[in-house]
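Side-chain atoms are counted along with the backbone in the values below, which use heavy atoms only and exclude waters and symmetry mates. Quick caveat, the model's predicted, so the values are computed rather than measured. Lettering follows sequence order; numbering is per chain, from 1.
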Protein chains: 2
Amino acid sequence: MPATSPDFPARLRAAGLRPTRQRVALARLLFEGGPRHVTAEGLHVEVKASRMPVSLATVYNALNQFRDAGLLREVVVAPGRSYFDTNTGHHHHFFIEPDGELHDFPSDKVTIAGLPTPPKGTRVARVDVIVRVRR
Amino acid sequence: MPATSPDFPARLRAAGLRPTRQRVALARLLFEGGPRHVTAEGLHVEVKASRMPVSLATVYNALNQFRDAGLLREVVVAPGRSYFDTNTGHHHHFFIEPDGELHDFPSDKVTIAGLPTPPKGTRVARVDVIVRVRR
DNA sequence: GCAGTGTTTAGAATAGTTCTAAACTTCTTG
DNA sequence: CAAGAAGTTTAGAACTATTCTAAACACTGC
């Protein structure tokens, strides 16, 4: 039983987005089932194979809109490789360098102490921790 | 007085790179003076204006080689924006979101506790902390 | 159902980076 | 210090990831 309602049209509407068929199809792929990390290309391949194909431009648009609406979080791990993470809660990442795999880990056990105060006139938006590992 | 010798040909040779005029010119821009963060484009603009212009392809080649040789460290903060950092010691970054500015901060005061053990068969290569701040 | 506005689409455009192959340096050896 | 071998540079083409364009289409409110 998912923590959040599987009524995707309602969830999109709540986020201020019209529940078009394309967005609903993408939301289903993204949020049905466990948390995931996707790239635009990867999601496009998936949705192309589905009953409701969606153009690549729309996949990009939707991912950007979902991120802006707080439904997704963008994680940049390598140049020219942007992942979207359906887990928007506080957590950090393992990045497995050779294969480009990304794994979440919860941040509740992790404490970061001794961070300097941010530059004048700025406030902290987020702290990203990426643990890069190799085989 | 720089901590490391300003004899760039020697430093390049020590890193296993032929000290060509182009690489020496780039090394001078990068390592003479304080630590810096550059993008390929930015460094290309700089070196084009110098006495020893260098093509963009060579700037890319040199940055990649310098990074592979451990002379530079690559920092990925935003999709399609790769910075090279002349500071290769242990430290982390502030990223000022609106203007894309990057600032170092030393890691000696920072402690990260409670990191989970890495996935089986892997070892930690590096832990990156990026503190994203907004105005 | 019918506007009216927002969305989707294919394809072109753009940005950043890497590739190619010919010309040119640098290094080694005699 | 000349000659050859090997590594490097270059302009431009190619490539990858992403965004833009403008015409067709679909969701919403009346």
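Cluster note: A:V131 groups with A:F94, A:I96, A:F105, A:V110, A:I112, A:L115, A:V124, A:V127, A:V129, A:V133, B:F94, B:I96, B:F105, B:V110, B:I112, B:L115, B:V124, B:V127, B:V129, B:V131, B:V133 through ILVMFWY side-chain heavy atoms spaced under 4.5 Å, whether in direct contact or through intervening members. Applying the 4.5 Å side-chain rule to ILVMFWY residues, one finds A:L56 in the same cluster as A:Y60.
Checking the phosphate oxygens (OP1, OP2) of D:dA17, no side-chain nitrogen or oxygen of A:R81 falls inside 4.0 Å. One finds a side-chain N or O of A:R13 lying less than 4.0 angstrom from the OP1 or OP2 phosphate oxygen of D:dT28.
Residues forming a salt bridge (Lys or Arg N to Asp or Glu O under 4.0 Å) with B:D104 (at least two apart in sequence, or on another chain): none. Judged as a side chain to side chain contact (heavy atoms under 4.5 Å, CB included), and not counting sequence neighbours, the contacts of A:E74 are A:R67, A:S82, A:F84, B:P79. Applying the side chain to side chain contact (heavy atoms under 4.5 Å, CB included) criterion to A:R81, with sequence neighbours excluded, gives A:A78, A:Y83. A search for salt bridge (Lys or Arg N to Asp or Glu O under 4.0 Å) contacts involving B:D99 returns B:R135, not counting sequence neighbours. Here B:R28 pairs with B:F8, B:V24, B:E32 under the side chain to side chain contact (heavy atoms under 4.5 Å, CB included) rule; sequence neighbours left out. Scanning for salt bridge (Lys or Arg N to Asp or Glu O under 4.0 Å) contacts around B:R13 gives an empty result, with sequence neighbours left out.
Atom CD in B:Q65 sits roughly 7 Å away from atom P in D:dT8 (whole-Å rounding). Computed from coordinates, the A:Q22 CD to D:dA24 C1' distance equals 13 Å when rounded to whole Å.
Distances were taken from every side-chain heavy atom of A:A40 (C-beta onward) to each of D:dT18, D:dC27, D:dT8; the shortest belongs to D:dT18.
Residue contacts for A:P9: at a heavy-atom cut-off of 4.0 Å it reaches no nucleic acid atom on any strand shown.
Between A:E74 and B:M52, the residue whose closest nucleotide on DNA chain D is further toward the 5' end is B:M52. Of the residues near DNA chain C, B:G80 and B:T20, the one whose nearest nucleotide (by heavy atom distance) lies more toward the 5' end is B:G80.
Rounded to 10°, the angle separating the first-five-pair axis and the last-five-pair axis of the helix from C:dG1-D:dC30 to C:dG30-D:dC1 equals 40°.
Sorted by first and then second residue, the salt bridge (charged side-chain N to carboxylate O under 4.0 Å, His left out) pairs with a member in residues 35-47 of chain B read B:R36-B:E46; sequence neighbours excluded.
For residues 54-62 of chain B, proximity to DNA chain C is found at B:L56, B:A57, B:Y60, defined as any non-hydrogen atom under 4.0 angstrom from a strand atom.
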Do A:H37 and A:H103 pass the ring-ring contact (aromatic ring centres under 6.0 Å, His included) test, and can you show the C-alpha distance, the side-chain angles, and the key distance before you say yes or no?
-> CA-CA 8 Å; A:H37 298 115; A:H103 293 285; 7.5 Å; no
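For DNA chain C, the span of nucleotides reached by chain B at under 4.0 Å from its heavy atoms goes, 5' to 3', from C:dG16 to C:dC27.
Judged purely by distance below 3.5 Å, without hydrogens or angles, the side chains of A:H90 and A:H92 never pair a donor atom with an acceptor atom.
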